[in-house]
Every structure is written in C-alpha cells, then in structure tokens.
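Here is how names work: the chains are called A, B, and so on, in the same order as the sequence lines, proteins then strands, and each is numbered from 1.
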2 protein chains.
Amino acid sequence: MNQNNELDKENFNIWLIEDNLHFRRTINGLINHTPGMKCTNAFETCEEAISKLQTEFPPEVILLDIGLPGMTGIEGIEKFKMLSPSTHILILTIYDDNEKVFDALCAGASGYLLKDSSPDKIIGAIEEVLSGGAPMSMQIAHKVLEIFSNLKPKKNDYGLTDREKEILKFMVTGLTKQQIADQLYLSFHTVNTHLKNIYVKLHVNTKSGAITKAFKENLI
Amino acid sequence: MNQNNELDKENFNIWLIEDNLHFRRTINGLINHTPGMKCTNAFETCEEAISKLQTEFPPEVILLDIGLPGMTGIEGIEKFKMLSPSTHILILTIYDDNEKVFDALCAGASGYLLKDSSPDKIIGAIEEVLSGGAPMSMQIAHKVLEIFSNLKPKKNDYGLTDREKEILKFMVTGLTKQQIADQLYLSFHTVNTHLKNIYVKLHVNTKSGAITKAFKENLI
DNA sequence: ATGACAATCGCACGTTCGTGGTATATTCGA
DNA sequence: TCGAATATACCACGAACGTGCGATTGTCAT
C-alpha cells in the first residue's frame with residue numbers, strides 16, 4: 001500500500017453507467033484500449049452502481065448517462081457525490097437542454113459531454129477530468145455561459161435612493177423598524193417613512209412583499 | 001454589400017484591449033499572421049475602444065484584458081454588449097479569482113482565457129468563439145463548475161413538512177395569514193399554527209425572516 | 001396499541017405593521 | 001434662485017403579526 005504503484009502506472013479505474021448496450025460496449029472497449037485506463041465496471045442503472053459502491057473501492061471517474069431508467073442521472077450524481085466525494089462524474093448524454101445541464105452541474109458533475117463526441121474527445125475529457133479540469137462539449141460550454149449571463153438581471157432598481165436601498169438591506173436581515181432605526185441612529189418615524197416610500201416604489205404593501213421583490217430582482 | 005466577400009474570405013475583425021504594450025504587440029502580431037483574422041484596432045483602455053465604436057463598425061470579437069486602468073474590464077463588457085450585442089467578448093487575463101470570473105461571465109463574456117495560454121490556444125479560442133462556442137482555460141472551466149455546484153446548497157430543508165413548505169411558498173408571495181388560509185381553505189388558526197412551527201424550525205420569528213431564509217437556502 | 005408526528009382548529013394578549021396625515025432641513029440641478 | 005428630490009421627524013388608529021396556552025383527528029411505524 002505504501003509503495004503505491006497504481007499511481008506510477010497511472011492506471012485509473014473508470015465506471016460506466018449507460019443503459020444502451022451498444023454504446024456501453026463501445027465506450028467500454030474504448031477505455032480499455034487506452035493505456036492507463038481501465039473500465040472496471042459497466043452498469044445499466046445508477047442503482048446497480050450504488051450498491052457496488054458498498055463493497056468496492058470507488059473509481060476515479062464515473063461516466064454517466066442522464067436519461068436512465070429508474071433513478072435519474074441527476075439524482076445519481078448527488079448520491080455518488082455523497083458516497084464518494086472525490087470521484088469525478090463525467091456526464092455523457094444526448095440531452096443538452098438548459099434544465100438538465102444546469103441541474104447536473106449544480107449536482108456536482110465535473111464535466112459534460114454530448115454523445116456525438118468523438119472517441120478522442122471522450123478519452124481526452126477523462127484525462128482532463130483526472131488532471132483537475134472540467135471538460136465540456138462546445139455547445140454545453142456555450143449554454144453554461146448563457147445561463148450565467150441570464151443569472152444577473154440587475155436591471156431597474158425601481159428608483160430606490162441609496163438610503164432606501166440601505167434600509168431594504170436591513171429589512172432583509174429580519175429586523176423590525178425599530179431595530180433598523182437603532183442600527184442607523186434614526187428615529188422610528190424616519191424608518192417608517194422610508195418603508196412607506198419603498199413600498200410605493202416597489203408596488204408592494206408589506207415587508208414580506210418588499211423582501212421577496214428584493215430577492216427576485218436582485219435589488220440587494 | 002450583397003456579394004459579401006468578407007464571409008467568403010472569412011476575414012474577421014478583431015479588436016484588442018490590453019494595457020501591456022509588449023503583450024499587445026505579441027497578440028496583435030499573432031492575430032495578423034493568422035489567415036482569416038485581422039486585428040484592426042488595439043487599445044490600452046476600454047474608453048478608447050468605446051469611443052471608436054461610435055465611428056467604426058464593431059468587430060466580430062474583442063479580446064479584453066480585465067485588469068485595466070480606468071474603466072474595469074467588467075464594466076467594459078457591459079458597455080460593449082450594450083453598444084454591439086453581437087460582438088463576442090473573449091477575456092484574456094491573468095486573474096482567475098472566482099469573483100472576477102463570475103462577474104465577467106455574468107456580464108456577458110463569450111469566453112475566458114488565462115494569459116498563460118499558448119498562441120495556439122488563443123487562436124483556437126477565437127475560432128471557437130466565432131463558431132458559437134465558449135472557450136475557457138481548463139482552470140476557468142473548473143471554477144465555473146465549482147461556482148455552479150455551490151449555487152445550489154439545497155441541503156437541509158430544516159425538516160419542514162410538505163404542508164409547511166406549501167405555506168412557505170404562499171408566504172413568499174406576500175399574502176397575509178388570512179389570505180393564505182383562504183387560498184388553502186383552512187382556518188386562520190391553522191395557518192397561524194403552521195407559521196409558528198415554521199418559525200421554530202427555521203429559527204426565525206418573523207415572516208420576513210422566514211422569507212429571507214427561504215430564498216437564501218433555496219427552500220422554495 | 002401505543003407513541004410520535006402531522007394537520008387541523010381555537011383564544012387572548014401585547015407588539016409590530018401599514019397608512020393616513022403633516023412638517024422641516026438639505027442638496028442640487030435648471 | 002427656485003422648485004424638485006431627499007432625508008429627516010412626528011402622530012394616531014385599525015389591521016396584522018407573534019406567542020403563550022390549549023385541543024382533536026388521523027396516520028404510521030414500532
């Protein structure tokens with residue numbers, strides 16, 4: 001164990017989860033014909049892989065399809081990441097809709113490949129994951145940045161003044177009017193007035209409404 | 001204009017914004033020695049580039065440094081995107097901290113390269129951007145996915161029951177207890193009790209606090 | 001079948017909020 | 001220099017909230 005010759009040989013264990021038999025065999029063969037990699041397990045479902053995790057050491061990389069029968073790949077990612085956080089999960093799927101991509105990456109996937117990727121790309125992606133990268137198909141990378149740019153609406157601040165924004169921030173922390181007044185060395189009445197003005201500008205009439213709007217429209 | 005021979009020749013205009021003279025010259029030369037690309041302008045600051053945009057047609061791609069004197073690259077991205085939404089902005093910088101990466105991509109950058117990228121990679125990235133991709137250095141891609149996985153804490157739901165989560169959702173919409181009761185065909189007292197229990201579980205004691213927590217911890 | 005939990009309903013009391021007013025000082029651009 | 005906007009402050013009253021006590025019903029696993 002001390003003389004770890006696995007690392008010297010760079011013989012990495014890779015698991016494959018893919019319900020399509022043909023594709024499973026193809027990828028399996030591809031990996032096993034690559035020096036330094038070994039596909040030690042190939043499953044049809046996440047459930048099988050998870051039960052195997054109880055008895056075997058986790059692999060360095062799991063190649064995972066998303067559209068699986070039974071447990072969906074997204075749920076699978078979360079499970080795997082719980083059972084073996086250091087295992088890299090590389091998505092290999094036909095799905096490229098924003099929702100799936102977003103969910104998979106949020107769940108902790110280390111990369112996302114589309115199934116039209118060439119064998120070279122797939123092997124390259126595994127290597128990239130092993131060296132700390134985050135391989136993505138071109139389309140996926142594009143989608144990822146798209147998601148980012150939609151992440152910050154940051155549009156109109158409804159004409160809130162600086163003071164009003166400041167008070168809004170305090171509101172969000174859950175303070176009462178009196179507590180906000182104390183924090184800012186103001187009179188209760190002043191804070192009260194500011195709140196009234198904020199409500200008008202945000203078209204709400206409760207603290208709750210103001211807070212919800214603040215979060216949804218990135219006013220804070 | 002109809003016989004658009006620019007596209008046939010694939011002669012793409014590229015602008016460069018970079019305050020380091022040496023680097024600017026290097027990249028400039030690199031681009032101009034690549035068939036199909038032309039670095040038609042090289043600036044030291046975003047301000048210069050923006051004023052040029054008033055009189056010249058925007059380029060297909062802008063290579064942009066982030067650590068600039070005057071207007072920061074992030075602000076620059078927003079300005080460029082406003083003036084010419086179709087122009088791709090490719091970040092080329094030494095900065096790789098999460099904050100900068102996140103802000104740049106949210107602002108609308110189409111790619112993010114680190115300055116230690118090889119000339120090949122830089123040219124390749126420009127080509128990738130032009131063909132609808134989103135090139136990123138390996139480290140950046142990794143950070144991007146890291147940001148994603150931190151995006152959804154989605155951890156403990158504080159043991160809220162289904163009913164409590166449902167009521168929490170209504171709370172977020174700004175309804176009063178009585179209104180929530182009406183919506184769910186419940187007594188005011190029932191809703192009141194649920195709120196009390198929610199407060200205990202979330203460790204808050206106001207609607208505002210519950211809503212804030214709901215947003216911050218993705219309970220909704 | 002017994003206990004734990006969830007969901008429902010009730011009352012009372014003090015606190016906080018939302019809203020209708022009014023009013024003054026300061027700042028700042030037209 | 002003269003409004004307009006902003007920040008500040010005050011009062012009063014009904015509505016809504018937060019919290020202390022209850023209680024009954026059903027489910028579900030031990």
Participant: For A:N192, report the nucleic acid contact type (base, sugar-phosphate, nothing); a contact means any heavy atom under 4.0 Å.
Facilitator: base
Participant: Under 4.0 Å, heavy atoms only, any strand: does B:T190 hit a base, just the sugar-phosphate, or nothing?
Facilitator: base
Participant: Rounded to the Å, how far apart are B:F188 CZ and C:dC11 C1'?
Facilitator: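 It works out to 11 Å between those atoms.
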Participant: Out of D:dA9, D:dC17, D:dA7, which has the shortest distance to the side chain of A:L186?
Facilitator: D:dA9
Participant: Looking at every heavy atom in both B:M171 and B:A210, which two are closest together, and how far apart are they?
Facilitator: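 Looks like SD-CB, 4.3 Å.
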Participant: Taking OP1 and OP2 of D:dC10, is either one under 4.0 Å from a side-chain nitrogen or oxygen of A:S187?
Facilitator: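 Looking at the OP1 and OP2 atoms of D:dC10, one of them is under 4.0 Å from a side-chain N or O of A:S187.
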Participant: Indicate, with a heavy-atom threshold strictly under 4.0 Å, whether A:Y199 touches base, sugar-phosphate, or nothing.
Facilitator: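 Here A:Y199 touches the backbone only, sparing every base.
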Participant: Could you check whether the rings of A:F215 and B:F215 sit parallel, tilted or perpendicular, using 30° and 60° as the cut-offs?
Facilitator: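 Correct class here is parallel.
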Participant: Between D:dA9, C:dA7, C:dC9, which nucleotide has the shortest distance from any of its atoms to the side chain of B:H189?
Facilitator: C:dC9
Participant: Which whole-number value in Å describes the distance from A:K177 NZ to D:dT8 C1'?
Facilitator: 16 Å
Participant: Looking at C:dT8, D:dT19, D:dT8, which one has an atom nearest to any side-chain atom of B:H194?
Facilitator: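 Of all the options, the side chain of B:H194 is nearest to C:dT8.
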Participant: Among side-chain atoms of B:K38 and B:N13, is any donor-acceptor pair under 3.5 angstrom?
Facilitator: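 Judged by distance alone, the side chains do not pair up.
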Participant: Between D:dT6 atom C1' and A:K165 atom NZ, what is the distance in whole Å?
Facilitator: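 Atom NZ in A:K165 sits about 14 Å away from atom C1' in D:dT6.
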Participant: Checking contacts here: which listed nucleotide (D:dC10, D:dC21, C:dA7) is nearest the side-chain heavy atoms of B:K196?
Facilitator: D:dC21
Participant: Without decimals, in angstroms, what is the distance between B:N197 CG and C:dT8 P?
Facilitator: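 Distance, rounded to whole Å: 11 Å.
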Participant: Does B:T93 offer a backbone N or O that forms a donor-acceptor pair with the side chain of B:Y112 under 3.5 Å?
Facilitator: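 No, B:Y112 side chain to B:T93 backbone: no donor-acceptor pair under 3.5 Å.
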Participant: Check every strand shown and say whether A:K207 touches a base, only sugar-phosphate, or nothing at a heavy-atom separation below 4.0 Å.
Facilitator: sugar-phosphate
Participant: Please state how far atom NE2 in A:H203 lies from atom C1' in C:dG18, giving the value in whole angstrom units.
Facilitator: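 Going from NE2 in A:H203 over to C1' in C:dG18 covers 18 Å.
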Participant: May I ask you to say what A:T206 touches in the nucleic acid, namely base, sugar-phosphate or nothing, with a heavy-atom cut-off under 4.0 Å?
Facilitator: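 A:T206: backbone/sugar contact only, no base atoms under 4.0 Å.
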Participant: Assess whether a salt bridge exists between A:K143 and A:D97, defined as any Lys/Arg side-chain N lying under 4.0 Å from an Asp/Glu carboxylate O.
Facilitator: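 Looking at A:D97 together with A:K143, the answer is no, because their closest N to O distance does not fall below 4.0 Å.
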